[in-house]
Amino acid sequence: MITRRTFVAAAAAFPIIARAAGKEMLQMNGYAENAETPLALLTDYITPNDLFFVRSHWIPRMPDLKTWKLVVDGEVTTPLELTLADLKKMPSAEATCVLQCAGNGRSLHTPVVPGVQWRYGAVGNARWRGVRVRDVLHRAGVKATAKHLHTFGNDDPPGKVPPFHRSLEIEKALEDAILAYEMNGVPLPAQHGAPLRLVVPGWAGDHWMKWLVRLSPQADPQKGFYMDTAYRWPNVVGTPGVAVKPEEMHPLTEMIVKSSVTMAPSRVKVGTSVTIAGFAFSGAPDVAKVEISDDDGATWNAATLDSRHSPYAWRLWSYRWKAKTAGKARLLARATDSRGAVQPREAQWNQSGYLFNSWHGVDVEVFA
Ligand SMILES: Nc1nc2c(c(=O)[nH]1)N[C@H]1C(S)=C(S)[C@@H](COP(=O)(O)O)O[C@H]1N2
Ligand SMILES: [Mo]
């Protein structure tokens, strides 16, 4: 069986730079298709499709769109086989929300952990349109015995690599998950899971199965590497650098509160004011505030939140900062979500490097 370490070795061997629509995306390796968006390009409320990060565990096997069907089986009274046309005849649903890879920011954890060395850009905010999972499962007559929704993509991992088989609590799937066939107003692009992917608002990207071919409600969670070993979060806060057993962890679900600075000048004249800007989001439906500090977190001032929002979408923010004294300044941003969770100075270290959310700081040189 392939280990995480083998993945990393394979991944590190082929660094290349990919270009999307003439703009630079940062390709992380060659074995799988992984590209993050430079933070400076994540300034729009809606992340354009050609700038949206891509995370695929291996070179994907795209489904044949002509013969594609979604199979619904398992704990249901009426198993289904639905074509895209069948799905499009059902009432449509839309959600504008953040998709973030659980490993976004992995390279910034201390000590460093193995895995794709994402920095800040394995995240984006898009408008997803499709059919509610709830509507499809009700049509199939989902039984009360079903507690977990098993999800299957059309991926074809090489050799003995375990397949990316996943499941999530049926309660969340029934609440607000969507089977999306559109991304930002166009048919779901191939690398983002065409023709159909799962959208799980507020939850990390590993739940957002691409190239969906089968949904199966079951009594128990899915088994395998991507449930029992990967995508788990420690039950208790541990010591940085010290790994814990999979049994001492549980499946990672919601994202945690985070803000990133996307725009800041590197130099500014003393006595003048400049605008810094960024985005903030959480596993809670909204962000309550974003604050900026120029004194290493001793005092904070509120940034202005943009009015555009929808549950689990990000909030753009901006802040006017006045450079009072010459020298080096460091501006820090921290967000507080609608449930009161405050972004920490230091993210909670974990052995897979998930959900990095330390305060993001930018350096500004103030000249006389
Ligand atoms: N079938 C399939 N679905 C998948 C994956 C995959 O490798 N195969 N990667 C997952 C992970 S870890 C993430 S972060 C998101 C990334 O979605 P994107 O490539 O559209 O940004 O897809 C998820 N869905
Ligand atoms: Mo991910």
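Ligands are counted one by one from 1 in listed order, and the atoms in each one are counted from 1 as well. Sequential numbering from 1 along the given sequence is applied to the chain's residues. As the structure is a prediction and not an experimental result, all values here were calculated from the model.
With atom 17 (O) of ligand 1 as the reference point, the heavy atom nearest to it among Met209, Gln191, Arg55, Arg197 is part of Arg197. When the heavy-atom distances from atom 5 (C) of ligand 1 to Tyr226, Trp58, Tyr231, Phe164 are ranked, the shortest goes to Phe164. Between Gly205, Ser56, Ala122, it is Gly205 that holds the heavy atom closest to atom 23 (C) of ligand 1. Nearest residue to atom 6 (C) of ligand 1 from Glu36, His57, His165 is His57 (criterion: closest heavy atom).
In this structure, a donor-acceptor pair under 3.5 Å is absent between the side chains of Gln191 and Lys210. For the residue pair Asn125 and Thr47, no side-chain donor N or O sits within less than 3.5 Å of a side-chain acceptor on the partner. Looking at Ser338 and Asp286, their side chains never bring a donor and an acceptor atom within 3.5 Å of each other. Donor-acceptor pairing under 3.5 Å is lacking for the side chains of Ser352 and Asn350.
Using a 4.0 Å cut-off to heavy atoms of Trp211, the atoms of ligand 1 that qualify are 1 (N), 2 (C), 8 (N). Here is the list of ligand 1 atoms found below 4.0 Å of a heavy atom in Trp208: 22 (O), 23 (C), 24 (N). Set against the non-hydrogen atoms of Val54, the atoms of ligand 1 under 4.0 Å away are 19 (O), 21 (O). Heavy-atom proximity to Cys101, at under 4.0 Å, picks out these atoms of ligand 1: 14 (S). Atoms of ligand 1 lying under 4.0 Å from at least one heavy atom of Asp155, given by number and element, are 1 (N), 2 (C), 6 (C), 7 (O), 8 (N).
Ligand 1 lies nowhere less than 4.0 angstrom from a heavy atom belonging to His207.
The shortest N or O to N or O distance between His192 and ligand 1 is under 3.5 Å. The distance criterion of under 3.5 Å between nitrogen or oxygen atoms is not met by Leu99 with respect to ligand 1. Ligand 1 has no nitrogen or oxygen under 3.5 angstrom from a nitrogen or oxygen of Gln100.
Annotation: atom 21 (O) of ligand 1 to nearest protein heavy atom, Phe53 O, 2.7 Å. Shortest contact from atom 3 (N) of ligand 1 to any protein heavy atom: Lys210 N, 2.9 Å.
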Q: Any chance you could lay out the side-chain hydrogen bond (donor to acceptor under 3.5 Å, both in side chains) test for Thr151 and Arg166, step after step, and finish with the verdict?
A: CA-CA 5 Å; Thr151 60; Arg166 303 269 307 150; over 6 Å; no
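Here the closest non-hydrogen pair linking Ala313 and Val98 is C-CG2, 3.9 Å.
For Tyr226 and His57, the ring centers are positioned less than 6.0 Å apart. The six-membered or imidazole ring of Phe164 lies away from that of Phe225, with a centre-to-centre distance of 6.0 Å or more.
Side-chain atoms of Asn34 and Val54, non-hydrogen and from C-beta on, never get closer than 4.5 Å to each other.
A cation-pi arrangement is found for Arg267 relative to Phe367, the charged atom lying closer than 6.0 Å to the ring centre and inside a 45° cone about the ring normal.
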